[in-house]
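Computed from a prediction, not measured in an experiment: that's the story for all the values here. Remember, it's 1-based here, ligands and their atoms both numbered in the order they're listed. Just so you know, these numbers use all the heavy atoms, side chains as well, and skip hydrogens, waters and symmetry mates.
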Amino acid sequence: MEQTVLIVEDEERIAHWIQAYFEKEGYKTIMAQDGDTGLYLARTKYPDLVILDLMLPGMNGTELCKELRHESDVPIIMVTARSEESDRITGLELGADDYIVKPFSPGELVARAKAVLRRVEGNVRQAKILQGGNIELNLTDHTCSVEGESVKLSKIQFALLEVLMRNPGRAMTREQLLDGAFSDDLDVLDRTIDVHIRRLRRQVEANPANPRYIVTVFGIGYKFVT
Ligand code: CA
C-alpha cells in the first residue's frame with residue numbers, strides 16, 4: 001500500500017527537493033509550509049510519516065512535535081539546521097523517532113525514513129494480536145479464535161470484543177462501548193449494546209448463560225476478565 005509522507009518545511013526549495021525524492025521512491029507526499037498547517041494536515045490526512053523542520057513560522061517544530069506526540073504515534077523525523085547536541089536531545093525527548101541535520105543528502109533522509117517505517121511496522125505487527133485467556137483476536141486479518149478454534153464474529157461483535165480486550169479487567173460503561181465500537185462507517189441497525197453482547201457471548205463463551213470472559217458489571221456495563 002502506498003505510504004504518505006507529510007513534509008513540514010518552510011523553505012520551498014528544500015521542501016520540493018525532499019518531495020521529489022520521496023515521490024521517486026514511490027511515496028505519496030503532502031506539504032505544509034508552516035507548523036499550524038502541518039498539524040492540521042497530520043490530524044486530517046493521517047500520514048504514515050512526518051518530516052518535520054525545526055525552525056518554522058508560526059508553531060515551530062518542537063511545539064508541533066510535542067502536540068503530535070500527544071495525540072498520535074505517527075513516526076516523526078526532525079530536520080534541524082544546527083548540529084548542536086541540545087537540539088538533537090530536545091527532538092528525541094519530545095518523541096521524535098529520528099533526526100537529521102542540515103545539510104543532508106536526500107538519499108540519506110529517505111534511508112532514515114525507510115528504517116523508521118520498518119521499525120514502526122514491526123511494532124504494529126507484534127501488537128496486532130490481542131490475547132485474553134484462551135481468546136485470540138487477530139486485528140490484522142480480523143479473525144478470532146477461542147481455544148484454538150476459529151470463531152466467526154460479525155463486524156460489530158469483533159469491534160466490541162476488541163474494545164473489551166483492550167481494557168482487560170476494567171468495567172466499561174455501555175456508552176464507552178458504544179463510542180469505542182460503533183464507528184460511523186459501521187452500518188448497524190441495532191445500537192443496543194446488550195443485544196450485541198448477548199450475541200457475542202454465544203460465539204465466544206463455552207456457557208453463554210454463565211460467562212467466563214465477558215462479565216456483567218451491575219450498574220455499570222461489562223468487563224473482560226482473563
Ligand atoms: Ca525552516
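Residues R201 and T216 bring a donor and an acceptor atom of their side chains to less than 3.5 Å of each other.
In D53, the N, O or S atom that comes nearest to the Ca ion (ligand 1) is OD2. The Ca ion (ligand 1) sits nearest to atom OD1 when only the N, O or S atoms of D10 are considered.
Under the 4.5 Å side-chain heavy-atom criterion for ILVMFWY residues, a single connected hydrophobic cluster contains both L109 and L117.
For the Ca ion (ligand 1), the N/O/S atoms of E11 include none lying under 3.0 Å.
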**OP:** Might you work through the salt bridge (Lys or Arg N to Asp or Glu O under 4.0 Å) test for D97 and R112, ending with a clear yes or no?
**Re:** CA-CA 10 Å; D97 296 81; R112 297 274 189 100; over 6 Å; no
**OP:** Carefully, step by step, assess R174 and D194 under the rule salt bridge (Lys or Arg N to Asp or Glu O under 4.0 Å).
**Re:** CA-CA 8 Å; R174 286 174 180 80; D194 304 276; 2.9 Å; yes
